[in-house]
Amino acid sequence: MRSISFLNVRSAAKLRAHRVGKLKVADGRFAGACQPTKGWVAVNSSRGKPGWASAKYLRKTKTAQSSSTGIRPALACTYRVSRVHANGFLNVRSAATPHSHRVGKLKVADGRFAGACQPTKGWVAVNSSQGKPGWASAKYLRKIAGK
């Protein structure tokens with residue numbers, strides 16, 4: 001793909017499903033499910049909207065495994081926000097502490113999203129609904145897929 005190209009993100013794992021966003025080549029790496037489902041990979045669009053992208057246009061890359069070295073862990077599991085009001089949100093922080101700067105939110109209405117499979121000191125590495133990397137309290141997350 002050329003650097004100005006993009007890949008459609010669909011609402012379901014089907015070619016004719018409604019387009020909910022794009023993955024832009026210029027955005028570089030992004031998180032997605034480790035294994036395709038019927039030729040589709042669960043991803044978040046460039047703007048953070050959850051959906052599905054065709055696996056035939058994606059290439060899996062190596063990801064960081066250690067958070068103790070300051071390297072952000074891979075976002076290889078799928079979560080939902082829990083224990084939060086239906087119209088509410090969960091703050092995403094710049095570091096794995098409750099007093100860190102807020103970089104965004106995870107909205108209950110957004111549905112599923114990618115996160116690190118193992119919490120680090122009670123926090124899970126995630127991308128906010130707006131696509132910014134950060135950390136969310138594991139206390140308010142429910143893992144729905146992954147190791």
Side-chain angles (χ1 to χ4, degrees), residues 6-14 17-147:
F6 64 88
L7 179 61
N8 286 321
V9 176
R10 306 270 178 198
S11 61
K14 300 184 226 176
H18 175 74
R19 188 180 82 170
V20 296
K22 302 174 183 177
L23 289 175
K24 299 175 189 167
V25 172
D27 291 339
R29 292 182 182 193
F30 63 91
C34 290
Q35 297 298 322
T37 301
K38 297 181 182 177
W40 293 83
V41 176
V43 299
N44 285 335
S45 73
S46 295
R47 293 190 176 201
K49 192 105 172 158
W52 297 85
S54 175
K56 73 180 182 178
Y57 298 105
L58 301 174
R59 187 180 89 232
K60 193 174 186 178
T61 61
K62 287 194 173 230
T63 55
Q65 296 299 317
S66 173
S67 59
S68 62
T69 61
I71 299 172
R72 194 167 141 89
L75 307 184
C77 288
T78 305
Y79 291 86
R80 287 190 188 277
V81 174
S82 69
R83 300 171 55 191
V84 175
H85 188 273
N87 294 327
F89 62 87
L90 177 61
N91 286 322
V92 176
R93 304 280 181 185
S94 60
T97 66
H99 302 294
S100 297
H101 176 72
R102 187 177 84 177
V103 296
K105 305 174 186 176
L106 288 172
K107 299 175 190 168
V108 174
D110 288 339
R112 70 177 192 282
F113 59 90
C117 291
Q118 296 298 318
T120 300
K121 297 180 182 176
W123 293 80
V124 176
V126 298
N127 287 334
S128 72
S129 298
Q130 300 78 26
K132 294 189 179 189
W135 298 84
S137 174
K139 181 176 10 177
Y140 299 100
L141 301 176
R142 183 171 60 102
K143 190 186 301 186
I144 57 175
K147 296 178 182 176

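The analysis underlying the following values was restricted to heavy atoms, covering all of them including side chains, and did not include hydrogens, waters or symmetry mates.
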Using the side-chain hydrogen bond (donor to acceptor under 3.5 Å, both in side chains) criterion, which residues pair with [X]? Sequence neighbours excluded.
X: Ser129; value: Asp110
X: Arg19; value: Asn8
X: Ser11; value: none

Please enumerate all residues that pass side-chain contact (heavy atoms from CB on, under 4.5 Å) together with [X], with sequence neighbours excluded.
X: His99; result: none
X: Val108; result: Val81, Val84
X: Ser82; result: Arg142
X: Thr37; result: Trp52

Could you pull out the closest heavy-atom pair between [X] and [Y], with the gap in Å?
X: Ala76; Y: Cys117; answer: C-SG, 3.7 Å
X: Trp40; Y: Lys14; answer: CZ2-C, 3.5 Å
X: Pro36; Y: Ala55; answer: CB-CB, 4.0 Å
X: Val103; Y: Ser128; answer: O-OG, 4.5 Å
X: Ser45; Y: Gly21; answer: CB-CA, 4.0 Å
X: Gln130; Y: Lys105; answer: OE1-N, 3.4 Å

Worksheet, complete the sentence: Here the gap from Tyr57 atom OH to Leu7 atom CG, rounded to the nearest 0.5 Å, amounts to 8.0 Å
Discussion item. Quick check for you: to the nearest 0.5 Å, what is the distance between Ser94 atom OG and Lys132 atom NZ?
Written reply: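 NZ of Lys132 is found 11.5 Å from OG of Ser94.
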Worksheet entry | Residues Val126, Tyr79; criterion side chain to side chain contact (heavy atoms under 4.5 Å, CB included); working and verdict | CA-CA 9 Å; Val126 298; Tyr79 291 86; 5.5 Å; no
Worksheet item: Would you say the side chain of Leu141 lies within less than 4.5 Å of the side chain of Lys143, judging by non-hydrogen atoms?
Response: no
Worksheet item: Quick one: does Leu75's side chain get under 4.5 Å of Asn44's, heavy atoms only?
Response: no
Practice prompt. Would you check if the side chain of Arg102 reaches a backbone N or O of Asn91 as a donor-acceptor pair within less than 3.5 Å?
Written response: no
Worksheet entry | Backbone of Ile144 reached by a side-chain donor or acceptor of Arg80 within 3.5 Å | no
